[in-house]
Number of protein chains: 2
Amino acid sequence: MSDVDRDAFRTIAAECPGFQARATARAITRYHNACFRPLGLTAEQFSLMVGIGAAEGVTLVELALSAGVDTTTLSRNIQNLEKRGWVYADGGRGRAGKRLSLTASGHHLLAEALPVWRQAQAELSRRLGNDQLQLVRRAMVALAVVAEPSSPTAPEGVEQPVS
Amino acid sequence: MSDVDRDAFRTIAAECPGFQARATARAITRYHNACFRPLGLTAEQFSLMVGIGAAEGVTLVELALSAGVDTTTLSRNIQNLEKRGWVYADGGRGRAGKRLSLTASGHHLLAEALPVWRQAQAELSRRLGNDQLQLVRRAMVALAVVAEPSSPTAPEGVEQPVS
DNA sequence: CTCCTAATGATGCATATACATTATATGGCG
DNA sequence: CGCCATATAATGTATATGCATCATTAGGAG
């Protein structure tokens, strides 16, 4: 192994936005998981329930698109929420789609989780500064957009779905 | 469900940095996975092998710390790389720690993956602009730092490990 | 020299993630 | 009215992730 290789590897480790995106997602997910743990809720479960509460009756496909998650992943995650009685699904296989809504139990739990999220958010804002927190969120939105395979300018070697 | 609740949920969905960090990490990981798929390599496997190649002989604990990943997660991910014959581990249980290095096979694979990564990186830079790409990476580093439980200013309810 | 503490690695369990594939139902066309 | 192409959900398989816990080993105290 030459020094050239080692330097190349160090450069990549320091510059790869994908590596950093994963590391950051892991860190903030651990943070939120710890916050929500007393409620028996994970960060991702909270996000999905918020997404459903924000648009009751949303279909599985719509929610998957807005969350940037594969429909098969969302299918299983929603099944978990259904098992716990927090989410109710109307409809199933077929063109109509599976329409999602919060149960009374789910709505109650989410009401308890809201102040927990607000405190966690306030703490992040205090540590990083509100301007910087908004800036990083918007920057991550922009990065996700250009990384999407459905972006109008796909990289070579990444096939576009024929529509 | 009142309109107040729905608006609150929409605000949270639009403002939560954790949700966006996960969505962005998923998107860019899908992008890199597609790039590395012809090599039989995942984005995370690439990142770990780059981390090992950048500091041969690094211990499992050190690599976990630099990658911001739990040691138990890294333990299993490294086992996967060992099974494939890309990584060699010297030492094991005990205070000495498990020292990691690339095998000849792993080094060869990584050499093939380097130009693939560079092209993917160049494509991202072209789409987002190099300044913006560097900005978002640095912003994510900052977010990860303040979200770490080991941060000097922990949020209430998140215990610090007694050292 | 022996024992014990602490650091380290691995495992059990649960959730999360996505590609490939299968199962199902529906809307439209003949 | 019946069939089928297509949209949708679910499942099989594999990787990734982390907490709680267990297993192992080395370093130090006595």
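Sequence lines set the chain letters: A, B, ... in the order given, protein chains first and strands last, and positions in each chain run from 1.
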Tell me yes or no: between the side chains of [X] and [Y], is some donor less than 3.5 Å from an acceptor?
X: Gln121(B); Y: Ser125(B); result: no
X: Thr24(B); Y: Gln20(B); result: yes
X: Ser66(B); Y: Glu62(B); result: no

I want to check one thing: is the phosphate of [N], taken as OP1 and OP2, less than 4.0 Å away from some side-chain N or O of [X]?
X: Asn77(A); N: dT15(C); answer: no
X: Gln79(B); N: dT11(C); answer: yes
X: Thr73(B); N: dG18(D); answer: yes
X: Asn80(B); N: dA16(D); answer: yes
X: Arg37(A); N: dA14(C); answer: no
X: Thr42(A); N: dA16(C); answer: yes
X: Thr72(B); N: dA10(C); answer: no

Separation of atom [atom1] in [X] from atom [atom2] in [N], rounded to whole Å:
X: Arg30(B); N: dA16(C); atom1: CZ; atom2: P; result: 16 Å
X: Asp70(A); N: dT21(C); atom1: CG; atom2: C1'; result: 13 Å
X: Lys83(A); N: dA16(C); atom1: NZ; atom2: C1'; result: 13 Å
X: Arg22(A); N: dT15(D); atom1: CZ; atom2: P; result: 16 Å
X: Glu44(A); N: dA16(C); atom1: CD; atom2: C1'; result: 7 Å
X: Leu60(A); N: dA7(D); atom1: CG; atom2: C1'; result: 13 Å
X: Glu62(A); N: dA7(D); atom1: CD; atom2: P; result: 15 Å
X: Phe19(B); N: dA16(C); atom1: CZ; atom2: C1'; result: 14 Å

query = Hey, are Glu56(A) and Arg6(B) close enough for a salt bridge, meaning a charged N less than 4.0 Å from a carboxylate O?
reply =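 A salt bridge is absent here (no side-chain N lies under 4.0 Å from a carboxylate O).
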message = Base, sugar-phosphate or nothing for Arg99(B)? Non-hydrogen atoms, less than 4.0 Å.
response =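 Answer is nothing: Arg99(B) stays at 4.0 Å or more from every strand.
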Given DNA chain D, 5'-ward residue of the pair Glu82(A) and Gln45(B), judged by closest heavy atom =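 Of the two residues, Glu82(A) wins.
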query = Taking for each residue the nucleotide of DNA chain C bearing the nearest heavy atom, is the 5' side occupied by Ala96(A) or by Lys98(B)?
reply =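 The answer here is Lys98(B).
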ask   = For the base of dG12(D), is there a side-chain donor-acceptor partner from Arg76(A) under 3.5 Å away?
value =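 Between dG12(D) and Arg76(A), which were checked side chain against base, a qualifying N/O pair under 3.5 Å is present.
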request  = I would like to know whether Glu44(A) and Arg22(B) meet salt bridge (charged side-chain N to carboxylate O under 4.0 Å, His left out); could you show each step before the answer?
outcome  = CA-CA 9 Å; Glu44(A) 182 61 17; Arg22(B) 282 189 294 278; 2.8 Å; yes
